[in-house]
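All ligand and atom numbering here is 1-based and tracks the order in the structure.
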Amino acid sequence: MTAPAYEPGNPTAFALDADAPPPERTETATFGMGCFWGPDARFGAMDGVVRTRVGYAGGTDADPSYYSLGDHTEVVQIEYDPDRLSYSDLLDVFWANHAPFSAPHKRQYRGVVLTHDEPQREVAEDSREALESRTGKAVETAVESLDRFYLAEDYHQKYELRSTPVVADELEGVYGDAFVDSTVAARLNGFLAGHGDSDQRDAVFAALDLTPAALSEVRRRL
Ligand code: MHO
């Protein structure tokens with residue numbers, strides 16, 4: 001039996017999540033760019049990114065999982081606020097943060113833009129061509145249309161944050177299953193991986209109602 005397609009939630013436990021645009025007011029981008037832990041953190045730290053999640057897509061085999069990936073690829077899915085970021089902004093980050101000129105050793109880690117609609121396909125194809133003409137090199141990264149996205153196992157979501165026990169335990173306790181869709185979790189995951197600047201971190205910390213113990217653990221690890 002095929003699982004239903006993933007439906008993003010809109011958790012409201014913390015102020016920052018309550019203020020985040022609901023899924024109906026966001027747009028979504030899906031990229032394969034190597035192991036999905038890194039891009040989950042990189043995009044999650046960006047202002048204007050509302051939610052991130054990692055999963056498997058780009059193949060045709062049914063019900064992939066980490067140890068039974070079939071012909072799928074590890075991908076990050078980014079929900080963003082179109083008033084604050086454009087698809088093209090995300091593509092700039094995408095092209096600059098994987099190896100578009102090398103053929104991947106495994107399909108699991110291939111570079112791929114999985115587009116959600118026709119306008120995305122045009123922008124993505126144009127950015128791919130622009131990179132080729134700018135560099136004179138053949139781009140191996142493909143642009144394909146997204147068929148469906150399979151959410152990865154919990155332990156892969158917000159991987160860096162999950163490796164920070166005091167904080168992750170508190171957030172998982174508050175959010176339960178909604179942890180993956182939290183803007184707070186996306187930002188903290190990104191900051192803990194070394195992304196973001198101090199102004200951005202201070203703005204997020206000021207809006208957080210984490211316990212002092214969890215907050216000081218985050219600060220200690222930055
Ligand atoms: N760091 C792992 C890859 C994990 S990723 C979710 C490794 O280098 O084997 O594929």
Just list the side-chain donor-acceptor pairs under 3.5 Å for residues 30-39, sequence neighbours left out, or say none.
residue : atom : partner : partner atom : Å
T30     : OG1  : Q77     : NE2          : 2.9
T30     : OG1  : H116    : NE2          : 2.7
W37     : NE1  : H156    : ND1          : 3.0

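- For the pair R201 and F205, the cation-pi test (distance below 6.0 Å, angle within 45°) is failed.
- Protein residues with a heavy atom under 4.0 Å from ligand 1 are C35, F36, W37, Y66, E74, Q108, Y109, H156.
- Residues Y159 and V54 have side chains not in contact (no heavy-atom distance under 4.5 Å, counting atoms from C-beta outward).
- Looking at residues two or more places apart in sequence or on another chain, you find no ring pair (Phe, Tyr, Trp, His ring centres under 6.0 Å) involving Y87.
- For the salt bridge (charged side-chain N to carboxylate O under 4.0 Å, His left out) test, residues two or more places apart in sequence or in another chain that qualify with R220 are E217.
- Using modelled atom types and a 3.5 Å distance limit, the side chains of T52 and K158 yield a donor-acceptor pair.
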